Structure formats: structure tokens, C-alpha cells
Amino acid sequence: MSEDVSKPSNFIRTIIDQDIDSGKHDGRVHTRFPPEPNGYLHIGHAKSICLNFGIARDYSGQCNLRFDDTNPSKEDVEYVDSIQEDVRWLGFDWEDRLFYASNYFDKLHGFAVELIKQGKAYVCGLNAEQMREYRGTLTEPGKNSPARDHSVEDNLDLFARMRKGEFEDGAYLLRAKIDMAHPNMNMRDPALYRIRKGAVHHQTGVQWSIYPMYDFTHPISDAMEGITHSLCTLEFEDHRPLYDWVLDQLPELSHPQQIEFSRLSLQYTVMSKRKLTELVAGNFVSGWDDPRMPSITGLRRRGYTPTSIREFCDRIGITKSGNTIEMGVLENCIREDLNANAPRAMAVLNPLKVVIENFPEGDAETLPAANHPQNESMGTRDIVLTREVYIDKNDFLEVAPNKKFKRLVSGGEVRLRNAYVIRCNEMIKDDAGEIIELRCTYDPDTLGKNPEDRKVKGVIHWVSANHSHEVEVRLYDRLFSDPMPEANKEVEDFKDLLNPQSLEILTGCRVENSLANAPAGARFQFEREGYFCVDPVDSTAESLVFNRTVTLRDSWAKIEAQAKQGK
RNA sequence: UGGGGUAUGGCCAAGCGGUUAAGGCACAGGGUUUUGAUCCCUGCAUCCCAGGUUCGAACCCUGGUACCCCAGCCA
């Protein structure tokens with residue numbers, strides 16, 4: 001219908017518009033998403049993926065997937081596989097343009113030799129500690145390496161021997177010859193190639209004993225692929241002069257434009273790969289796909305849809321300013337998608353037995369229930385009412401706490417969703433005084449209509465005792481108890497900020513029979529509770545496990561909380 | 001007392017010298033409702049500060065202030 005959903009404008013699109021107007025890059029737009037395969041993708045990467053692929057799509061351009069695989073000691077095929085799966089799942093297609101920086105190792109090496117010949121690079125024998133000393137500090141200039149003025153011949157020879165594996169790691173380094181007094185630290189003769197003699201690279205094996213650095217690899221890889229706009233996060237802003245320097249030395253290459261934007265941070269979680277890896281390695285979560293993780297695979301298992309994540313990325317925008325997004329924005333995106341598309345069902349998380357005394361023993365009344373209250377095309381399903389049903393413990397209180405309470409109370413009435421109005425006549429308690437059963441009666445004249453002589457304002461969900469299915473339900477909450485765990489200075493280890501209540505496992509929950517054969521990943525709204533999906537990992541046909549993706553908006557909870565605070 | 005950035009309502013974010021300063025989330029009221037859901041109305045900012053230029057400034061200039069990033073042979 002309303003297709004005027006114009007993509008939000010942002011400063012990068014503004015730049016691209018200008019470039020197209022001025023005929024830069026012949027009006028082409030070509031981007032790339034360049035992950036290093038050293039971890040799983042997270043929602044922050046999704047921001048970059050949506051940006052790069054989204055721009056390519058909107059400008060009739062192309063977007064490449066390129067693995068930035070220049071550091072064999074940290075990378076693994078496990079990650080190259082998961083990254084492709086996640087990008088595809090998000091709904092993007094790189095077609096035949098899957099590349100690796102390692103595809104360019106030969107060319108990169110050739111360019112390095114070219115720089116040496118030009119006198120723009122040299123082999124340096126300083127060790128790591130000396131390098132640090134020679135580099136200077138933020139406020140003091142560095143000093144030249146003793147090797148800085150060695151002859152081209154010597155440099156060529158040494159570089160060739162580095163390549164042949166004649167030296168141990170750290171013995172030599174190929175450095176750019178720029179300016180040791182440059183105010184930008186990145187320009188103080190940065191490393192171009194380092195020795196990694198025994199390393200086994202996931203793509204190239206053992207054929208290389210030297211590996212190029214990011215600052216040398218990235219601009220050249222971009223140029224090789226005809227990238228026009230090289231989008232990256234803010235911390236690379238200081239590297240742009242080096243990006244440009246490298247390409248300026250190699251005029252035969254095209255010169256893409258690097259543009260930086262700010263990375264995503266989300267409240268109550270962490271986004272650094274190092275910290276996420278730490279959570280996985282230390283078993284603080286069950287894995288990269290733990291539904292509490294901000295990883296794409298975790299969000300997927302939690303029940304998030306690709307659509308909801310893309311929508312989220314659109315809503316948060318692209319700027320250069322620091323930002324921390326509230327969880328509510330992400331949650332709202334998935335609620336919106338699932339509200340429109342998830343079929344409804346009834347599930348009782350904390351069962352309380354109800355016996356409907358005037359409902360004949362052994363009888364079973366089949367009732368139709370809409371799968372979606374606003375969308376008839378989603379059809380109906382049958383639910384079964386019997387003498388014994390379960391309602392949620394939270395939907396019954398001996399006495400109403402206030403006039404706003406509209407669930408069941410002793411002596412009161414409430415409607416069973418999709419069925420009749422019942423009245424609670426009696427409570428049965430155990431020795432500890434806990435209510436274990438309710439004795440009720442139902443009003444047969446209230447199916448599909450309200451009683452005429454009185455008002456019944458509450459509606460609660462329920463399931464038949466013997467036409468329901470026992471399942472496990474996992475309730476997830478924010479991973480951290482601090483909205484900004486990475487900024488908290490009061491704690492030495494961010495893991496001390498983990499929310500101990502981030503996972504609550506409920507067993508003995510009951511879902512209506514229509515869910516008995518729900519396939520892995522299937523999503524539902526459990527009415528009055530939230531959106532849930534069948535866990536794709538631990539759920540089996542015999543014992544279903546549901547993950548709570550997100551709760552419904554709950555204005556009652558808000559009222560309760562305010563009442564508590566007011567008292 | 002180095003360099004690079006950023007500052008628009010609680011959180012994001014449009015805006016590019018003339019606008020009643022978009023929109024979303026949140027929040028506060030109200031309406032519909034067999035989900036306290038959804039949906040629908042309504043309300044909610046003079047733009048970090050101080051000067052200046054201009055008939056006119058969130059947008060231009062000057063000077064401040066705050067915060068972020070950089071001293072890996074990581075990316």
C-alpha cells in the first residue's frame with residue numbers, strides 16, 4: 001500500500017549523491033562488507049551490513065563480501081562459514097562477489113616490492129620494544145629507525161629473505177617511509193608486513209611466511225575490487241591519511257573514498273568481539289548462539305526476524321556522533337513484525353488448576369479461535385474446553401489489590417479467552433496455605449457475548465488440562481544489569497555486571513494442543529504473555545522448548561511498579 | 001602544553017541562512033478492544049555555552065566547554 005517508505009537520509013548518502021552529480025567514479029556505487037573471520041557477527045555488524053548492502057541496492061550498485069583475512073593466528077573457517085550464513089540470513093546477496101584479502105597476497109607483495117624500489121618502504125630490524133621507543137608518544141615526535149636509510153638493494157634482499165622464511169617472527173618488519181615526527185601516530189613509518197613464519201592460514205595454508213597489515217591491505221583490496229565508497233567505523237578515521245598515502249604511492253590503482261560512521265552500542269549488552277568471545281569461552285553463556293547474545297546467531301535463535309533487524313538498522317540511522325541505543329528500540333522492531341505476522345496461541349506458564357464444576361465430566365467442547373485478531377486471512381484453529389483447565393497463577397488473587405485489578409479473584413468473574421465467563425466459588429489450599437486449585441462455575445450464556453446484567457472486564461488465557469501439552473519455556477532478560485557495562489568504572493571485570501536473572505527456565509508449562517507439532521523456529525504470540533519461538537537447538541518432537549523472544553508491552557506491569565514506588 | 005572527531009527533547013535522528021525545528025522509541029493523557037496486546041487520537045525542544053555577522057542563524061565567524069578515538073609486528 002503505502003510505498004513512500006523513503007530510506008532515511010544520512011550524511012553518507014548525501015556524499016554519494018554529490019559524487020554521482022559530479023560524475024566521480026563514473027557515477028558508479030560499489031561498496032563492500034569486510035569482516036575479519038575471527039568471531040561471529042553481531043548486531044553492530046548488521047548495522048554495517050545494512051548500510052553497505054542497502055546503499056548498493058538503492059543506488060543500483062554492488063556490494064562485495066570480503067574477508068579481511070590477514071591475521072592467520074586469529075582467524076578460522078568456522079567464522080568464514082558463520083559470517084556467510086548470517087549475512088545471507090539477514091537477507092543480503094553478494095552474488096558471485098565473495099572475496100578474500102588473501103586473494104590479493106601476490107599482488108600485495110608486488111606492491112610492497114614496488115614501494116621498496118621507490119624508496120618508500122624499508123625493512124626494519126627493531127624489535128617490538130624498540131619500535132615502541134622509537135615511535136615517540138602522543139605529544140613527542142618519534143625518531144628514525146637506524147634502518148631507515150638502507151639501500152633499496154638491501155631492503156629488497158631482506159624482504160625476499162623474510163618471504164623465504166629465513167627469519168623468525170619479529171626479527172624484521174617492512175615499514176612505510178613516511179614521517180616519524182608526524183602528529184598522527186599512524187603515519188610514523190607504520191608496519192606494512194610482518195613475519196608469521198609457522199602460521200597456517202585458513203585460505204592460503206603455509207605458502208606465506210609474511211603477512212600484510214590491515215593498513216596496507218585494505219586500501220589496495222578496495223581498489224582491486226573497484227570499490228567507490230569504503231565505509232568503516234570511526235576508529236579508522238585516523239587511518240584515512242594512511243589509506244590515502246598507500247594509494248597515492250600506487251597511481252595505477254583507483255582511489256576509493258573512505259568514509260567513517262559511528263559504531264552501534266546497545267544498552268545492557270556489550271559489542272566488542274573480545275568481550276563476547278570471553279563470555280563464550282568462560283561459559284557465561286551457552287555459546288555464540290545463546291539467545292541472550294547480541295550476535296546474529298543468538299538473535300536468530302531468540303526468535304528475531306531478519307526483517308526486524310533490518311528495520312532496527314534503518315531506525316537507528318547513520319551518523320558520526322556517539323550513540324547508545326535503548327533496548328526498547330530493538331524490542332519494538334521485533335514486536336512490530338511479530339504482532340503483524342505471528343499466529344496467536346494460548347500457553348500457561350505457571351499452571352493453576354481450575355475445575356469448572358458445572359461442566360460435565362468427560363465432556364469436551366470444541367471452540368474456534370482466531371489465529372490473529374486483526375487478520376482474518378490467518379484463519380482459525382480449534383481449542384478444546386473441558387471440565388479441568390489451567391490458568392496462570394498470576395491471573396488469580398484471593399482479593400483484588402486495587403480497583404484496577406481485572407483478573408480473577410475469589411468470588412469474582414473473568415472471561416476465559418475465546419470461551420465463557422467463569423466465576424470462582426472456592427479456593428483449595430495445601431497445608432502450606434498455597435492455593436492449588438480453584439473451583440469455579442461457568443456461565444453457558446456468555447459464549448461470544450457479554451452477560452447483559454453485569455460487567456466482566458477481565459479476560460485471561462487458559463488451556464484444557466487434558467488437551468494441552470507440557471513444554472519447557474525459557475524466559476530471557478537483558479544480559480547485563482548495567483545499561484552501559486563497558487563504561488562502568490566501578491567494577492574491574494565487566495562480567496561482574498552480568499544479570500543473574502537473564503535466564504529463567506520454566507518447566508511444566510502447558511500449551512494448547514495446536515502447538516504440539518510446532519517445528520523448530522516457529523514463532524507464536526502466546527496471548528497476554530509475549531512472543532515465543534520453538535528453540536531450534538534443544539527442542540525435540542517429544543519435548544518442546546520455547547524461547548521467549550520478547551514480552552508484550554505491559555501497561556499493567558507499569559501500573560504495578562508505580563503503585564509499589566508510590567507506597 | 002600532539003593529532004583526529006562529536007555536540008539538536010529521556011534515547012536515536014532529520015535539518016545544509018527564512019520551517020509552526022521532521023520522524024521513530026520512551027513518557028503522559030484519552031478512545032476502541034473477548035490479549036491490561038494491537039489500533040486510533042492528543043500532548044511533549046528554540047538546537048552545549050558566550051560573543052559576533054545578517055533584515056533573518058540549529059545552520060556562517062570567533063572564543064570556550066564537555067565527551068569519544070589514536071602510542072599492536074590486531075582489525
Side-chain angles (χ1 to χ4, degrees), chain A residues 8-10 14 34-36 38 68-71 73-74 124 126-128 131-132 135-142 169-175 181-188 190-196 211 213-215 217-218 232-241 260 262 267 273-274 314-333 335-336 339-340 344 346 369-370 372-374 404-407 415-421 446-450 456-461 525-530 551-560:
Chain A
S9 122
N10 61 51
T14 302
E36 182 186 15
N38 67 343
D68 221 326
D69 57 344
T70 57
N71 189 356
S73 50
K74 290 188 176 174
C124 174
L126 256 28
N127 64 35
M131 278 286 286
R132 209 174 311 122
R135 186 157 33 227
T137 69
L138 294 178
T139 52
E140 304 156 32
D169 290 9
Y172 288 102
L173 209 52
L174 181 71
R175 293 227 255 164
H182 199 107
N184 180 341
M185 300 287 279
N186 295 304
M187 300 297 271
R188 322 245 258 229
L192 263 24
Y193 262 92
R194 78 287 215 179
I195 300 171
R196 284 289 173 276
Y211 288 89
M213 301 290 291
Y214 167 86
D215 285 314
T217 309
H218 210 85
C232 63
T233 44
L234 247 31
E235 66 273 23
F236 292 101
E237 208 154 16
D238 286 347
H239 293 244
R240 186 171 7 122
E260 312 83 13
S262 55
Q267 286 192 343
K273 251 192 230 176
R274 197 211 98 222
D314 281 347
R315 287 188 192 181
I316 60 177
I318 298 291
T319 64
K320 298 186 69 153
S321 50
N323 63 79
T324 304
I325 310 293
E326 292 176 339
M327 264 298 176
V329 181
L330 215 209
E331 292 178 339
N332 180 68
C333 291
R335 282 196 188 104
E336 210 167 88
N339 174 54
R344 314 285 124 128
M346 293 200 284
H372 190 110
Q374 283 86 226
K404 285 183 176 172
F405 190 80
K406 56 183 198 183
R407 275 112 100 146
R415 174 178 292 282
L416 293 184
R417 172 85 166 144
N418 294 126
Y420 303 89
V421 169
T446 54
L447 185 62
K449 60 180 176 182
N450 288 127
V456 176
K457 40 181 185 171
V459 180
I460 63 174
H461 56 98
Q525 182 196 100
F526 288 174
E527 289 191 291
R528 302 208 315 127
E529 291 288 356
T551 62
L552 251 27
R553 253 203 213 92
D554 189 352
S555 55
W556 172 246
K558 212 177 284 175
I559 292 169
E560 272 185 316

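Here is how names work: the chains are called A, B, and so on, in the same order as the sequence lines, proteins then strands, and each is numbered from 1. As the structure is a prediction and not an experimental result, all values here were calculated from the model.
- An aromatic stack links Trp556(A) and the base of G36(B), using centre distance under 5.5 Å and interplanar angle under 30°.
- Applying the 4.0 Å criterion to OP1 and OP2 of G15(B), one finds that Ser9(A) has a side-chain N or O inside that range.
- In this structure, Met213(A) reaches the sugar-phosphate backbone alone: every heavy-atom distance under 4.0 Å involves primed, P, OP1 or OP2 atoms, never a base.
- Arg240(A) comes within 4.0 angstrom of no nucleic acid atom, judged by non-hydrogen atoms across all strands.
- Using N1 to N3 plus N6-O4 or O6-N4 for Watson-Crick, or N1-O2 and O6-N3 for G-U wobble, each under 3.5 Å, U65(B) pairs with A7(B).
- Within the 4.0 angstrom heavy-atom criterion, base atoms lie near Thr446(A).
- Counting distance only, with no hydrogens placed and no angle test, the side-chain atoms of Gln525(A) and the base atoms of U35(B) include a donor-acceptor pair under 3.5 Å.
- Among the heavy atoms of the strands lying under 4.0 Å from Pro373(A) is at least one base atom, whether or not backbone atoms are also near.
- Proximity of Arg135(A) to the phosphate of G72(B): a side-chain N or O atom is located under 4.0 Å from OP1 or OP2.
- For Arg194(A), the salt bridge (charged side-chain N to carboxylate O under 4.0 Å, His left out) criterion is met by no residue, not counting sequence neighbours.
- Leu447(A) comes within 4.0 angstrom of a base, heavy atoms only.
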- Message: Generate the contact string for nucleotides 23-30 of chain B. Rules: B means base contact, S means sugar-phosphate contact only, - means no protein heavy atom under 4.0 Å.
- Response: -SSSSS--
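- Taking atom CD of Glu260(A) as the reference point, atom C1' of C70(B) lies 13 Å away to the nearest angstrom.
- Heavy-atom nearest nucleotides on RNA chain B were determined for Pro183(A) and for Tyr193(A), and the one closer to the 5' end corresponds to Pro183(A).
- For Arg132(A), the listed nucleotide lying nearest its side chain is G72(B); candidates were G36(B), A75(B), G72(B).
- Distances shorter than 4.0 Å separate some side-chain N or O of Thr70(A) from OP1 or OP2 on A75(B).
- Counting distance only, with no hydrogens placed and no angle test, the side-chain atoms of Arg415(A) and the base atoms of U34(B) include a donor-acceptor pair under 3.5 Å.
- The distance from the OG1 atom of Thr217(A) to the CG atom of Asp68(A) is 7.0 Å, given to the nearest 0.5 Å.
- For Met187(A), the side chain to side chain contact (heavy atoms under 4.5 Å, CB included) test picks out Ile178(A), His182(A), Asn184(A), Pro241(A), Leu242(A), Trp245(A), with sequence neighbours left out.
- Contact annotation for Arg417(A): base contact, defined as any heavy-atom pair under 4.0 Å involving a base atom.
- Counting any heavy atom pair closer than 4.0 Å across all strands shown, Gly448(A) reaches a base atom.
- For the pair Ser555(A) and A37(B), the criterion of a side-chain N or O lying under 4.0 Å from OP1 or OP2 is met.
- Ser262(A) has no side-chain polar atom (N or O) that falls below the 4.0 Å cut-off from OP1 or OP2 of U6(B).
- The phosphate of U34(B) (OP1 or OP2) has no side-chain N or O of Arg344(A) nearer than 4.0 angstrom.
- In this structure, of G2(B), C73(B), U35(B), it is C73(B) that holds the atom nearest to the side chain of Met131(A).
- A distance of 8.5 Å separates CG of Asn71(A) from CE of Met213(A), quoted to the nearest 0.5 Å.
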- Item | From CA spacing to verdict: side-chain contact (heavy atoms from CB on, under 4.5 Å), Arg344(A), His461(A) | CA-CA 11 Å; Arg344(A) 314 285 124 128; His461(A) 56 98; over 6 Å; no
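- For the atom pair CD (Gln374(A)) and CG (Asn339(A)), the distance works out to 6.5 Å, reported to the nearest 0.5 Å.
- His461(A) comes within 4.0 angstrom of no nucleic acid atom, judged by non-hydrogen atoms across all strands.
- For C44(B), there is no paired base (Watson-Crick or G-U wobble, both distances below 3.5 Å).
- Contacts of Arg315(A) classified as salt bridge (charged side-chain N to carboxylate O under 4.0 Å, His left out), with partners at least two apart in sequence or in another chain: Glu311(A), Glu336(A).
- Across all strands shown, Asn38(A) has no heavy atoms under 4.0 Å from either base or sugar-phosphate atoms.
- Within the structure, every side-chain polar atom (N or O) of Arg407(A) is placed at least 4.0 Å from both OP1 and OP2 of U34(B).
- For Leu552(A), the side chain to side chain contact (heavy atoms under 4.5 Å, CB included) partners two or more places apart in sequence, or in a different chain, are Gln525(A), Tyr531(A).
- To the nearest 0.5 angstrom, Gln267(A) atom CD is 8.5 Å from Met327(A) atom CE.
- Among the heavy atoms of the strands lying under 4.0 Å from Leu126(A) is at least one base atom, whether or not backbone atoms are also near.
- The base of G3(B) is paired with the side chain of Asp238(A) by a donor and an acceptor separated by under 3.5 Å.
- Among the nucleotides A75(B), G36(B), C69(B), the one closest to any side-chain atom of Lys406(A) is G36(B).
- Contacts of Phe236(A) with the nucleic acid, taken as non-hydrogen atoms under 4.0 Å apart, include base atoms.
- In this structure, Ile316(A) reaches the sugar-phosphate backbone alone: every heavy-atom distance under 4.0 Å involves primed, P, OP1 or OP2 atoms, never a base.
- In this view, Lys406(A) and Lys457(A) satisfy the side chain to side chain contact (heavy atoms under 4.5 Å, CB included) rule, not counting sequence neighbours.
- Phosphate contact (OP1/OP2 of C11(B), side-chain N/O of Thr324(A), threshold under 4.0 Å): absent.
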